[in-house]
Amino acid sequence: MAFSLKLELPSHPQVLSIVRSAVQQFAIVVGFNEEECRSIILAVDEALANIIRHAYDNRYDQTIELTCRRLGPDLGTDPGKPLEEVCDGLEFIFVDHGRSATPAQMKGRDLDDVRPGGLGIHLISQIMNQVCYEPGENGNQLRLIKLLNRKKQ
Amino acid sequence: MAFSLKLELPSHPQVLSIVRSAVQQFAIVVGFNEEECRSIILAVDEALANIIRHAYDNRYDQTIELTCRRLGPDLGTDPGKPLEEVCDGLEFIFVDHGRSATPAQMKGRDLDDVRPGGLGIHLISQIMNQVCYEPGENGNQLRLIKLLNRKKQ
Amino acid sequence: MQISTRQSGTSTIVDVVGDIDLYNSPEIRKVLLENIRDKRVPRIIINLKEVRYIDSSGVASLVEGLKVSRNMSSRFILFGLSPAAREVLELSRLIKVFEVYENEDQALAAT
Amino acid sequence: MQISTRQSGTSTIVDVVGDIDLYNSPEIRKVLLENIRDKRVPRIIINLKEVRYIDSSGVASLVEGLKVSRNMSSRFILFGLSPAAREVLELSRLIKVFEVYENEDQALAAT
Ligand SMILES: Nc1ncnc2c1ncn2[C@@H]1O[C@H](COP(=O)(O)OP(=O)(O)O)[C@@H](O)[C@H]1O
Ligand SMILES: Nc1ncnc2c1ncn2[C@@H]1O[C@H](COP(=O)(O)OP(=O)(O)O)[C@@H](O)[C@H]1O
């Protein structure tokens, strides 16, 4: 069954703990274990924090749209999304209307250089099975997928 | 500062625990104590459960819109909402597009008659400082307010 | 939510773990009615120690269990109420309707 | 999140309680820099026992504290990492960069 939540959030750091609570419970309901829940929360938090800091330059009165969707075997019949056809999991789609990132920025920096900052993108890509970023006129979209049955790993 | 979250939820009972988690953290951020948080969660859960069961007759594929808004002294300059001008607190607005309730139903039943059911409305009105229900063509709206400084109590 | 039953002398103890809400209260109701109405247990004790949350649909299942118990002349006992469980029963003015004990020993010892 | 400092011999212990994220990591950063750079404490120990969550902005504050400590030739120690704190430091490949102990006694005893 399709089961998705759409959240319209202010670009304010106080929203992070609220979203973490909701996402944690969503991940539990879907069946992720404790460690997976912790890392999913981290990835979602990092994605939101990046939008607040970079897309919106720490302006706290902007809007972020976050859709959390449970992926199921009866969903994702689009041939372009093979992972979803065989797997259960969670999809998160973030939309902002701020400054876009460049593909190079969305790759993250070299971690061997120990310095503050520049970790968010790395954390997100290590945790999630799929990360797609699409800048656009009508909003920048970041799409994260975490699979429950990691058949492709 | 205006701080509000808008949620678009499926009318599915599995959504309840997710919303409770988010609302609990929202209430903590606003400054409610543990007991107040517990009762706020209960009222929001009961309101959603009533929409699922009565407005949507247990059809689980419908949509419920829930806006959670922090009330502050700089908000609520509408003269019709005097409580909000002096008080901090939380407002919840639920919108559904299902069957409307009658005013008599929204009053709840006599609690001296011990029998299963018929408690939701009573719980909500005991917990919240303000309960307004407005049935309508473009959706039924239930508005709940819980104040942090209960100056009027 | 998990629900399981065990026997202690003539008492049947129902252990509930997790939140009770509209999603899972039908399961509680089923277990209660199975034991009281079908198995006709003389004494059923509900362990709510691990229940941090219960809404009116959970309360309705407990009220139904209590009513059926009365019809069957069996005994219906609750113990281990969390603050949340106690508050919802108080707000529903039902706390006095139930036989409630602090812990399992007291519930088992109740005569 | 709450943050407080206390003294134990020549060590300054910073107790952090609650989640560390973008909302409150500036506060941690401030307390760390105040102690290391302004008060020039010789040894600062961060108690993360009551921190169930830390994101990259929190990690960035810790890395900054570590770097400033090195510049000031003071010692920077962490203890009481929750699974979440450990995981984020591992994913960031920073766990080996920090001096980490299990508990307060071990952190204080470290030579
Ligand atoms: N949502 C976003 N919108 C715009 N730019 C972004 C976004 N996310 C990341 N970036 C860019 O990518 C860079 C790397 O991000 P990240 O790895 O999270 O490190 P940090 O945020 O600490 O710089 C950022 O500095 C920023 O320039
Ligand atoms: N959101 C709603 N939409 C339509 N009808 C409602 C709604 N909420 C309550 N009602 C009506 O009010 C009655 C009383 O509700 P309540 O006190 O929660 O008890 P119960 O839900 O157990 O019947 C319900 O039986 C229903 O007819």
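Below, chain A is the first sequence line, B the second, and so on; all start at residue 1. Because only heavy atoms are used, hydrogens play no part in the values below, and waters and symmetry mates are left out as well, while side chains stay in. Small disclaimer: the values here were computed from a predicted structure and weren't measured.
Contacts between A:L123 and chain D at a heavy-atom distance below 4.5 Å involve the side chain alone, from C-beta outward. In this structure, the portion of D:I54 lying under 4.5 Å from any heavy atom of chain A is its backbone and not its side chain. For D:E64, the parts sitting under 4.5 Å from any heavy atom of chain A are the backbone and the side chain alike. For a residue to count as touching a neighbouring chain, one of its non-hydrogen atoms must lie under 4.5 Å from one of that chain's; by this rule A:I41 touches chain D with backbone and side chain alike. Within the 4.5 angstrom heavy-atom criterion, only side-chain atoms of A:R53, from C-beta onward, approach chain D. Residue contact with chain A, scored on non-hydrogen atoms closer than 4.5 Å, involves the side chain of D:V59 exclusively. Looking at A:Q14, the atoms closer than 4.5 Å to chain D (heavy atoms on both sides) sit in the backbone and in the side chain alike. For a residue to count as touching a neighbouring chain, one of its non-hydrogen atoms must lie under 4.5 Å from one of that chain's; by this rule D:L91 touches chain A with backbone and side chain alike.
Classification of D:E34 and D:K39 as a salt-bridged pair fails, no side-chain N sitting under 4.0 Å from a carboxylate O.
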side-chain contact (heavy atoms from CB on, under 4.5 Å) assessment of A:Y56 paired with A:N58: CA-CA 5 Å; A:Y56 288 132; A:N58 290 308; over 6 Å; no
A:R115 and A:D113: CA distance, side-chain angles, deciding distance, salt bridge (charged side-chain N to carboxylate O under 4.0 Å, His left out) verdict: CA-CA 6 Å; A:R115 59 175 173 81; A:D113 176 19; 3.1 Å; yes
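Of all non-hydrogen atoms in D:R37 and D:M72, the two that sit nearest each other are O-CE, 3.9 Å.
For A:S21 (side chain) and A:S17 (main-chain N/O), a donor-acceptor pair under 3.5 Å exists by modelled atom type.
Rounding to the nearest 0.5 Å gives a distance of 4.5 Å between CG of A:N140 and CG of A:D96.
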